[in-house]
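These numbers come from a predicted model, not from an experiment.
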There are 2 protein chains.
Amino acid sequence: MLAIGQLSAETGTKVPTIRYYEDIGLLPQPERTAGNQRRYGKRQVDRLRFIRHCRDLGFPLSDIRALLDLSDDPDRSCASADTIARHQLREVERRLASLASLRQELCRMIDQCAGGTVADCHVIESLADHAHCIADRHMTPAPMEQHVDPPRRDPA
Amino acid sequence: MLAIGQLSAETGTKVPTIRYYEDIGLLPQPERTAGNQRRYGKRQVDRLRFIRHCRDLGFPLSDIRALLDLSDDPDRSCASADTIARHQLREVERRLASLASLRQELCRMIDQCAGGTVADCHVIESLADHAHCIADRHMTPAPMEQHVDPPRRDPA
DNA sequence: ATGGGACCTCCAGTAACTGGAGGTTCAAGG
DNA sequence: CCTTGAACCTCCAGTTACTGGAGGTCCCAT
Ligand SMILES: [Zn+2]
Ligand SMILES: [Zn+2]
Ligand SMILES: [Zn+2]
Ligand SMILES: [Zn+2]
């Protein structure tokens, strides 16, 4: 049985995040010691790994919840899992397309900057007026609510 | 002078969002009618357009604040504007790279699904175990806090 | 027995909005 | 002039997926 800190080290998940997953019902309530501390078994470790891997692939928690439900009974058809994955793929592709066009716009802006004063900077000018843009509209990709964990050293 | 709803229509910004920008000091407090309603002039319209265009290009509000400060006095050097834009470009490129690798992983997963039960679905299996992945680590791109406005019909 | 690191709960904050409740104001029609 | 009703006002809570801190308890190795 692992304490929460060990589970954290094992899965690369911050301790408050684990408790958060428990709060929102993604992780079941673990056993407790007499002194009320959480103890986790192997199943929980796997479950958390699954969650984290899905998060790393950009799945929102709502999808992960559905995927966990599915993987909880192995006899069901995998159709909905595939649907979720395909949907996620479409999302990713949508975001890729938007970002590619943003990239283009930004490149153009920056290229045109001659390095003078603000008054004649093409960056500022382009930002002020979308008419300078090539794309007729920017569709900023939907968030995808990613976790960012800043460079963390391994718990060695 | 425009009422807030007209400004909203003019710039494609939701009314609560305009008030929010005012709250956080991105937009100055506008004049008011005797009955306490906001009235906006042309400068405000331009300022809001600038903000929105930047948002559409993925700039975070903190950067937009800096860009607005710059564009407020045109004699300064545009160097920092360019730095911000370049930084944003790097961000976008980072996110493009991550998404490309996510896309690859998702494609592989989906391709391998034979359509049976959950027990032998490769999608579920791949999600459960990162060892099936090609990339040795997924770096989920930082959020970039985009606004999503779901298909909204024009206030005609 | 004691020290200190790991643990506990609760709460607030992040980013950038979004929506609702409950109450006013504006402008047009009668 | 008066009445509607749409648009406006303020304040507050909720969204997503966490993250961090305060203040207090527990575990276990010495
Ligand atoms: Zn410039
Ligand atoms: Zn543009
Ligand atoms: Zn399958
Ligand atoms: Zn993986």
Under 3.5 Å, is there a donor-acceptor pair between the side chain of A:His53 and the main chain of A:Phe50? no
Backbone N or O of A:Ala3 within a donor-acceptor pair of the A:Gln37 side chain at under 3.5 Å? no
Taking the nucleotide of DNA chain D with the nearest heavy atom to each, does A:Leu61 or A:Asn36 sit closer to the 5' end? A:Leu61
Base, sugar-phosphate alone, or nothing: which one does B:Arg19 contact when heavy atoms must sit under 4.0 Å apart? base
Interatomic distance where CE belongs to A:Met1 and P belongs to D:dC27 [whole Å]: 14 Å
Please pick, from C:dT18, D:dC9, D:dC26, the nucleotide with the shortest atom-to-atom distance to any side-chain atom of A:Gln37. D:dC26
A:Arg108 bridged to A:Glu105 by N-O distance under 4.0 Å: yes
Please confirm whether the shortest side-chain N or O distance from A:Thr33 to OP1 or OP2 of D:dC27 is below 4.0 Å. yes
Base, sugar-phosphate, or nothing: which does A:Arg39 touch, judged by heavy atoms less than 4.0 Å apart? nothing
Under 4.0 angstrom between A:Thr17 side-chain N/O and D:dA17 OP1 or OP2: no
Taking only the side-chain heavy atoms of B:Ala3 (C-beta and beyond), determine which of D:dC8, D:dT19, C:dA16 contains the nearest atom. D:dC8
For C:dC26, does OP1 or OP2 lie under 4.0 Å from any side-chain N or O of B:Arg32? no
A:Ile24 CD1 to D:dT16 P: how many Å, rounded? 10 Å
To the nearest 0.5 Å, how far apart are CZ in A:Arg103 and SG in A:Cys107? 4.5 Å
side-chain N/O B:Tyr20 vs C:dA15 OP1/OP2, d < 4.0 Å: no
Answer yes or no: does a side-chain N or O of B:Arg38 lie under 4.0 Å from OP1 or OP2 of D:dC8? no
Given DNA chain C, 5'-ward residue of the pair B:Ser62 and B:Gly35, judged by closest heavy atom: B:Ser62
